[in-house]
Amino acid sequence: MARPMNIGEKILSRASGVESVEPGDTVFANVRFAMIHDITGPPAVESMVKAFGKDARVWDPGSVVVMPDHLLRGDGKGAIEFVDDGSRALYRALHDFVGAQSIRHFYSPEAGEHGVCHSLFCQMGFAVPGEVVIGADSHTVTYGAYGCFAAGVGSTDMAGVLKTGKIWLRVPETSRVVLDGPLRPGVMAKDINLKLIEDFGEEGFVYESIEYGGAGISRLGMDERMSLTNMAIEEGAKNGVVPPDQVTEAALRGVAKAPPRPLLPDEKADYRRVIRYDAGDIEPLVWLPPPLAASREPKIVPASQVETKRVKINEAWIGSCTGGKVADYAAAAMVLRHGRVAEGVRLVCTPSTTLVEKQLHATRIEGRPIHNILAEAGAEFTAPTCGACFGGHGRFGENQVAITSSSRNTRGRMGPASTDVYLANPATVAASALKGYIAAPPDTALRPAPRPKPRVQTNGHRPRATAPGEKHAPGEQESSRETPRPHRETPALSKRGSIETPQRVPKTPVPADRGPIRGRVFVVGENINTDIIIPTRWLGSNDPRVLAQGAMKGLQPSHTPQDAAEFETGRYPILVAGNNFGCGSSREHAVWALQGAGVRAVVVHGQIARIFYRNAINNAMPALAAPGKLSVHTGDEVELHLDGTLRAGGHSYPVEPLRGIAADIVTAGGLLPYLQGRKNTQPQHPAGRG
């Protein structure tokens with residue numbers, strides 16, 4: 001009899017053709033839809049051809065979705081242009097790939113419907129409940145709002161998916177976040193995310209699935225559910241999922257690209273912890289700009305508290321897959337409907353898709369179209385793209401103070417490092433634009449909520465291990481943690497639908513030609529994201545030698561006690577980092593940049609961000625977690641043994657050894673050589689699948 005499972009486990013069980021799965025299992029899951037865009041798509045296509053030959057075909061032309069969105073720009077009046085010649089070349093590569101492979105789903109400006117890939121993907125009906133959906137972008141987690149298992153990956157992972165229709169996944173532990181009661185006026189799904197980050201940190205859910213539930217979640221419309229799951233990645237999670245219901249069914253009616261196969265959690269499903277909030281206790285929050293110097297100051301504070309400081313702004317921006325949907329602009333319009341943007345403030349609205357643009361003209365508040373309310377209040381509109389959010393174009397200027405509804409405020413991402421970027425919900429952004437300084441929405445500014453801690457019920461018999469220094473959930477005791485069960489390999493699904501053991505590259509516990517690794521270390525702090533490892537301005541190339549020139553160029557004094565300029569090509573074969581290293585974007589360029597700079601291995605005190613870990617392993621670069629404190633400093637000579645030891649200064653420190661499929665992939669020289677050595681890579685399509 002199958003064990004009781006939550007939604008994510010049920011989806012992975014069905015997609016891999018096994019009766020049940022448990023956290024720590026490794027499965028090869030069938031992918032229903034795969035999405036690529038103009039940054040991650042071309043290197044994925046190039047890698048597929050390099051690994052499988054110029055005549056290689058995608059596993060299913062009807063299951064590949066191509067959505068260029070990052071390197072296009074426009075003034076909101078209909079004209080769309082490329083950012084530069086490099087972006088034009090990337091677009092042409094995608095265009096040629098679509099034609100050569102007979103891809104059915106290509107959403108380009110010429111097609112009429114285009115925009116930010118994650119919003120568009122959902123609007124076009126690809127986020128199908130009960131399926132595994134993979135995208136070459138970290139915010140693919142957005143699709144979990146529809147009840148599917150949606151995860152972002154790098155370009156190498158996507159190359160394997162394009163060819164085989166399968167992906168290797170380690171079944172994550174799951175935390176359940178329950179929201180009791182309705183949200184207060186002016187409070188939005190973005191504030192739920194910010195509350196989770198405030199209470200648990202950016203590393204609070206690393207390699208976990210977050211399953212949302214409760215009456216407060218059921219009350220949310222689809223736009224707000226998408227905002228909720230969209231920022232699961234900012235909490236470190238592998239994915240986020242909302243149980244499908246009538247709201248899901250209504251959103252997919254007439255547009256679903258495959259028959260929905262919804263799954264709900266079993267009554268006795270297993271969760272690492274259950275986290276409960278009273279929705280009425282949550283108020284609008286603001287994520288402060290990262291400090292330029294090391295600081296222990298709070299990152300996230302109530303908007304009402306910031307309002308008392310009268311922090312003047314120059315820029316306000318509403319857009320992105322996080323905050324550019326119809327519900328986001330409706331919330332902003334409610335704030336601005338009787339006012340005008342303050343003198344000296346520029347409010348820019350970037351609808352996430354062309355469909356959202358149309359809906360802003362058609363949807364009325366107090367008899368007036370949302371678009372008109374915002375325009376008459378002084379807002380400027382731009383074309384639907386990712387440009388400003390990921391820092392490709394439309395960035396803020398030097399020494400500006402900005403507030404946005406986007407998802408990340410890494411210094412140097414949306415503007416120069418001198419720019420302070422605050423994150424908040426769209427209503428808070430609009431209220432700030434109205435007053436000229438950061439302010440709470442008017443319905444909440446006079447009624448600040450208490451600062452409650454969540455009620456956390458932990459799973460006493462199977463909690464996750466904690467490295468020294470890692471945060472515990474509020475109310476969780478050290479004694480409730482145990483070492484997790486080792487992962488197990490799970491059989492794959494054959495073409496006949498029966499269960500068989502997959503043909504595998506011969507397993508070795510440690511790649512024989514990969515250790516020990518000797519040399520100097522470069523040491524950085526915690527929460528170093530991929531924007532820091534390789535800033536956006538370097539993403540025009542996939543060549544590690546070129547990317548090496550930008551490696552670690554986003555480091556600030558708060559990230560390392562050393563001068564960031566000390567990170568020089570070829571000088572440091574081993575990188576030692578703090579908890580949650582490699583968080584943020586899915587850009588595989590971060591791994592390529594480090595490899596180009598001579599880094600051969602990464603050791604992290606604590607947990608390694610999920611997508612970076614996969615990208616590193618897939619490129620045959622060991623990425624290892626250390627359970628204890630590492631007393632090493634930049635420039636120290638160390639010796640890393642991949643069977644589980646880091647030696648430095650006469651001391652030996654334990655590290656988690658490479659094992660299972662990670663060891664197999666590194667041994668093979670990377671994911672694509674590994675897949676070349678596997679048989680049975682072609683997936684079996686479920687009945688009725690086109």
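S119 meets the side chain to side chain donor-acceptor pair (under 3.5 Å) test with S352; sequence neighbours excluded. Checked against side chain to side chain contact (heavy atoms under 4.5 Å, CB included), N615 has the following partners two or more places apart in sequence or in another chain: E588, V591, I611. In this view, N527 and N580 satisfy the side chain to side chain donor-acceptor pair (under 3.5 Å) rule, not counting sequence neighbours. With sequence neighbours excluded, no residue satisfies ring-ring contact (aromatic ring centres under 6.0 Å, His included) with Y107. Taking the salt bridge (Lys or Arg N to Asp or Glu O under 4.0 Å) definition, one finds that E234 meets it with R408, sequence neighbours left out. Residues passing the salt bridge (Lys or Arg N to Asp or Glu O under 4.0 Å) test with E46, sequence neighbours excluded: none. Applying the ring-ring contact (aromatic ring centres under 6.0 Å, His included) criterion to F612, with sequence neighbours excluded, gives F581. Listed by chain and number, the residues in a ring-ring contact (aromatic ring centres under 6.0 Å, His included) with W592 are H589 (sequence neighbours excluded). Not counting sequence neighbours, the partners of S47 by the side chain to side chain contact (heavy atoms under 4.5 Å, CB included) test are A159, L672. A127 pairs by the side chain to side chain contact (heavy atoms under 4.5 Å, CB included) definition with F121, C122, Y143, Y146, C148, not counting sequence neighbours.
Side chain to side chain, W317 and S406 fail the donor-acceptor criterion of an N or O pair below 3.5 Å. With no hydrogens or angles considered, no side-chain donor-acceptor pair links S586 and D137 at under 3.5 Å. No donor-acceptor contact under 3.5 angstrom links the side chains of T40 and R587, judged on distance only.
Identified under the salt bridge (Lys or Arg N to Asp or Glu O under 4.0 Å) test for residues 146-161, with sequence neighbours left out: D157-R614. Residues in residues 525-554 take part in no ring-ring contact (aromatic ring centres under 6.0 Å, His included) pair, two or more places apart or across chains.
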